[in-house]
Amino acid sequence: MADLLSILSTGAASLAAHRAAAATASHNLENSATPGYTRQRAVLEATLPAERVSNAYIGRGVLLQGVTQARDRFLEAQIPGALGQAARSGATATALQSVSALDPEAAGGLGDALSAFYRAIRAVSQNAGDPSLRQAAVGASRTVTLAFNRTRGALEETRTGLDAKIAGAVTEVNDLARTVASLNGQIRTARASGAEPNDLLDARQKSLDRLAELTGATPVPTSEGDVSVFLPAGSPLVVNDRASTLSTASDALNGGHVALWLAPPGSAPAALGSVGGELGGHLDARDGALKTAVTGVDTLAWDLASSVNAVHQAGFGLDGSTGLALFVVGATLDGAAGRMSVSAAVLTDARRLAGAASAAALPGDAANFNALLATEQAPLSGGLDAFSTLSQVTSAFGASARTAEAIADGDGAIRDQLVTMREGTSGVSIDEELIELQKSQRAYEAVTRVIQASSDMFDTLLQLK
Amino acid sequence: MRVTDKMLFDRATRDGGRARERMEEAVAKASSGARVVHPGDDPAAAGLVTVARAQAERNDAIAEAAGRAADELNAVDGALSEVVNGLTRARELAIQLSSAGYSASQRSGGAKEVRQLLAASIASLNTRVGSRYVFGGRLDGAPPFDATGAYAGDDGVREVEIAPGVLQAANVRADVAVKGVSGGVDLLATLDALATALEANDPVAARATLDALDTGTKQLSLARTDAGIAMAAFDTSVSASRGARDEARTRASHLTDADVIDSSTELALAQRALEAVLTSTSQGFKLTLLNKLG
């Protein structure tokens, strides 16, 4: 039978439930600006079963059923892919946008240096014996080689810089993978006690989001409540409470740039076939447009040197020397622009600049200088002259950069939309939480009134004589 | 849709960032005047401008070279003109002093003048432009004529580019114009012969040089005509190359330079957009229960 004592005891239980609701709202408010935090909701339910008194059921107050998180599984399933794709295209676009070596407005670029070289050859062709004009032509030749060195160096530096970024990201990926594996274990233990460890779930989700951004990894929930993580090609990064280890190694087949290796727990490292996210973006930029540009500049240097040298070697210097190359680019096309230099023989003695077609007509014979001028518009290996080849390299790089930027914009918009929708579901509204807090406070006050009333009723009974 | 406070802040950050980025781009474009800074801004234009600038540079260099060649030919023409004047005076002396009635002393005086004309002609033919002896052919590092009039140059024809890949002869062959190879007369030897005849008081021998002097004068006139034609070609090249240079520069400018009106308009629009974002953001932040609840 419902007695005054039961009213007091249900009142006490109800107070605890409303205090928990207020605490949950407070927790939400305190974490309203915490990245990765998912709002929590105290679930209050009428205490069952109600007490039977005569022909009626009398309720027994309110009980805290649990504290849940507000998550939309449909959105959560889409977000890792969107994060990974946006990070990948964003990293590619940023890397390509940071390259200024091929900027058309950059002073002292390859185009300017090539123009200055042919201008100097034109000038010396009019007075082949003039020492100052010869020296100027040698200087312009040196400027061309330095421009090639600088351009290739800048492109390669960007690729090397991406190697450093990849190495840094790998360290972060390994830390995050270990964190997720550890949290899997902690969450499993916490759930064994019957409650949902919401803040641990948030911590794991935050790590999973970052892993998706870094690698394009997909989280896969398991029946035990763990989350395993798989890289785009299906390689496991985290399985239950065990994490694989990602590492980098120099790749001799790719100019010594780093390659990714993955060692699953207890297994030897193996080359990683595919990766997404920022790592994938860095690799896309490094081995895509940047590598193509480096190869283009190398090819241009190689072809130009071959074309100019073929003419130069057929001519004669003022000292009667012949057969000398003007440019030195080494034995292989790969790296030609970086190695390009003016031959030491010509650099140290401008008289060896081979402007004459015959040793018998010195110093005024400029026929070979005129032949050198003809190389300006001569087709190189790609069928285009030097300037058109440079134009093609520049345009191709620009097109890649522009495409990457457009894709990054699109992917970023999709990611922003999904993240906004997730925030709409899982984020904290200060207004809502203040209302929740007020609601809990009011309910708490009401319950204290109930307790006060039952206490008064006790006093009335005790005063009966 | 449920709206949270973080959404407001995220939107403010994102939209504010975009508006500031647009503003920065507009300012950069307006202040630098450049529309294409990175190849990604306009890949086609970034490539084409390389070619356009190379064409502008090439044509500028050709115009410069052609201008120098024309100047040099002008110096050549001046030197040949001096020699023609000397020949004309020598012819007058030959006609005058080959007549009867002149004494040996008078002919000796004439001979001295002819010797001076010969020396002056040799000096003119040893003209230099810069460090080049312009009548030396390819052997232009030393005086082509010695004091006796012997030629130390060669038969080389110097060629200068008047258009990309097109060469034009830019010198007068002294071996032809002065020394008379290929069927002409040796002008300097003729002057020497006249002087010798006058020194020997030999009017017949002096008269015998008249035909050679006439032929030599025509020979030089022909060389001057050729030089004039070449000068005209170079002058034409200068103006054509400058025109092509200017056209290429204009093309490059159209490809990469920002339109002033467009960039100013974009700057104003970007300013407005940024102001709108900042205003709406600050208004959005004001509306919260935090300020209403006691």
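Proteins get letters first, then strands, A, B, ... in listed order; numbering begins at 1 in each. These numbers come from the heavy atoms of this one structure, side chains and all, not from hydrogens, waters or symmetry mates.
- Proximity to chain A is absent for every atom of B/R35, based on heavy atoms less than 4.5 angstrom apart.
- No side-chain heavy atom of A/S395 sits less than 4.5 Å from a side-chain heavy atom of B/P39.
- Contacts between B/D154 and chain A at a heavy-atom distance below 4.5 Å involve the side chain alone, from C-beta outward.
- Inter-residue side-chain proximity for A/S32 and B/D5 is flagged as unmet; no heavy-atom pair is nearer than 4.5 Å.
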Verdict with reasoning, A/D130 to B/R68, per salt bridge (Lys or Arg N to Asp or Glu O under 4.0 Å): CA-CA 14 Å; A/D130 188 299; B/R68 277 199 300 262; over 6 Å; no
Test log, rule side-chain contact (heavy atoms from CB on, under 4.5 Å), inputs B/R58 and A/F387: CA-CA 11 Å; B/R58 185 181 303 136; A/F387 289 99; 3.7 Å; yes
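- With a threshold of 4.5 angstrom between heavy atoms, B/E159 approaches chain A through its backbone and through its side chain.
- Contact of A/L96 with chain B is made through the backbone alone, with heavy-atom distances under 4.5 Å.
- Using a 4.5 Å cut-off between heavy atoms, A/A128 makes no contact with chain B at all.
- No side-chain heavy atom of B/E57 sits under 4.5 Å from any side-chain heavy atom of A/L114.
- Residues A/D72 and B/R2 are not paired through a salt bridge, judged by the lack of any N-O separation under 4.0 Å between the basic side chain and the carboxylate.
- For A/A123, the parts sitting under 4.5 Å from any heavy atom of chain B are the backbone and the side chain alike.
- With a 4.5 Å cut-off on non-hydrogen atoms, B/A65 touches chain A through its backbone and its side chain both.
- Within the 4.5 angstrom heavy-atom criterion, no atom of A/S132 approaches chain B.
- There is no side-chain donor-acceptor pair under 3.5 Å between A/T420 and B/D10.
- Residue contact with chain B, scored on non-hydrogen atoms closer than 4.5 Å, is absent for A/E405.
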Worked check of side-chain contact (heavy atoms from CB on, under 4.5 Å) between A/R122 and B/I62: CA-CA 8 Å; A/R122 268 191 185 87; B/I62 288 172; 3.5 Å; yes
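- For B/V49, the part lying near chain A is the side chain, with the backbone staying farther off; criterion is any non-hydrogen pair under 4.5 Å.
- Using a 4.5 Å cut-off on side-chain heavy atoms (C-beta onward), A/L434 and B/L290 make contact.
- With a 4.5 angstrom heavy-atom cutoff, A/A361 touches chain B via backbone and side-chain atoms both.
- Using a 4.5 Å cut-off between heavy atoms, A/I430 touches chain B through backbone and side chain atoms alike.
- Heavy-atom distances place no part of A/S100 under 4.5 Å from chain B, backbone and side chain included.
- For chain B, the nearby parts of A/A399 are the backbone and the side chain; heavy atoms of each come within less than 4.5 Å.
- Within the 4.5 Å cutoff, the side chain of B/D140 has heavy atoms near those of the A/P363 side chain.
- Each of B/V51, B/V129, B/L8 has some count of heavy-atom pairs under 4.5 Å with chain A, and the biggest count is that of B/V51.
- Heavy atoms closer than 4.5 Å to chain B are found in both the backbone and the side chain of A/Q97.
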